[in-house]
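Keep in mind it's a predicted model, so treat the numbers as computed, not measured.
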Amino acid sequence: TTFGNGGERGVPGEILLHAMCRQFFGSDTVINKVWFKTAQNDTYKGFDGVHAVHRGTELELWLGEAKFYKDVDRALQSVLNELQDHLGSDYLRGEFALVASKIDDDHPHAPELRRLMHPNTSLDEVFDRLVIPILVTYDSSSTLDHTKVCHQYVTDLEAEVRRIWLKLKNKLGTGLPVAFRLFLVPLGDKAALQNELMTELRKWQ
């Protein structure tokens, strides 16, 4: 695990991202995370989840970004900054070398995944098969304003998440070579959830 190594703050978001990819899209986990540090006490770099998803006969490679934040605007800006770095050809090649070396031989899609990540495979082909699932938590005004699920809460929340999606979509712009999936997790109090999660997770250190 990352516990005790300076990586705790990202764990809740990574777990939520993993669960959503598995539960809602039937993904196969390739590896849970690329774990490496560039300096002592630094946080871990790399995509926050690596999954494979079947779409018909095609196998998609899902490289996830998770942002466990209180402020949605800060979360979106962090996503944009990381995508700018992570989608560069040199960065992707480096990530693929790390991921491919960690794929278990008994993984059901090991040969195809290794071929897709091989240095001789054109990035044009990779981009055609690449999906970036983005998970963002945030303290939601709609959630804070209601104490139960009701019609008004659903209406307010839907309007809120649509505004956030449009904001990210406009900032991403057009012409990007990959597909994106945005998972929004509106919270009443991110800090309270984080404390509860970390209390539970530390039992598994």
Apply the test side chain to side chain contact (heavy atoms under 4.5 Å, CB included) to residues Phe47 and Leu98: give CA-CA distance (whole Å), side-chain angles for both, the deciding distance (0.1 Å), then the verdict.
CA-CA 11 Å; Phe47 289 100; Leu98 286 166; over 6 Å; no
Kindly indicate whether the side chain of [X], heavy atoms from C-beta on, has any atom under 4.5 Å from the side chain of [Y].
X	Y	answer
Leu113	Leu61	yes
Ile134	Leu168	yes
Tyr138	Glu160	yes
Ile132	Leu87	yes
Asp28	Arg22	yes
Asp156	His146	yes
Leu135	Met20	yes
Glu58	Asp128	no

Evaluate Phe25 against Arg55 for side chain to side chain contact (heavy atoms under 4.5 Å, CB included), listing each step before the verdict.
CA-CA 10 Å; Phe25 293 91; Arg55 290 286 182 211; 3.2 Å; yes
Would you confirm whether [X], through its side chain, and [Y], through its main-chain N or O, come within 3.5 Å as a donor-acceptor pair?
X	Y	value
Ser27	Cys21	yes
Thr121	Arg115	yes
Thr199	Asn195	yes

Determine, using the 4.5 Å side-chain heavy-atom cutoff (strictly less than), whether [X] and [Y] are members of one ILVMFWY cluster.
X	Y	result
Val154	Ile164	yes
Leu80	Leu92	yes
Leu144	Leu187	no

Exercise: identify the closest heavy-atom pair between [X] and [Y]:
X	Y	answer
His109	Ala52	CD2-CB, 4.2 Å
Arg93	His118	NH1-O, 3.3 Å
Asp104	Ala110	O-CB, 3.7 Å
Tyr69	Ser78	OH-OG, 3.3 Å
Pro133	Phe183	CB-CE1, 4.0 Å

Could you check whether atom CG of Asp85 has more than 12 heavy atoms from other residues, nucleotides or ligands sitting under 6.0 Å from it?
yes
Thr137 vs Leu193, side chain to side chain contact (heavy atoms under 4.5 Å, CB included): CA-CA, chis, key distance, verdict:
CA-CA 11 Å; Thr137 73; Leu193 175 60; over 6 Å; no
What distance separates [X] [atom1] from [Y] [atom2], expressed to the nearest 0.5 Å?
X	Y	atom1	atom2	result
His51	His18	NE2	NE2	5.5 Å
Arg162	Lys169	CZ	NZ	11.0 Å
Gln152	Leu157	CD	CG	11.5 Å
Asp189	Ser140	CG	OG	12.0 Å
Leu166	Asn170	CG	CG	6.0 Å
Asn81	Leu76	CG	CG	11.0 Å

Passes side chain to side chain contact (heavy atoms under 4.5 Å, CB included), Arg129 versus Glu112? Steps please.
CA-CA 12 Å; Arg129 311 265 292 276; Glu112 178 62 9; 2.7 Å; yes
Looking at Lys190 and Asp139, is any side-chain nitrogen of the basic one under 4.0 Å from a carboxylate oxygen of the acidic one?
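The answer is no: the pair does not qualify as a salt bridge.
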Check: Asp73/Gln77 side-chain N/O donor and acceptor closer than 3.5 Å
no
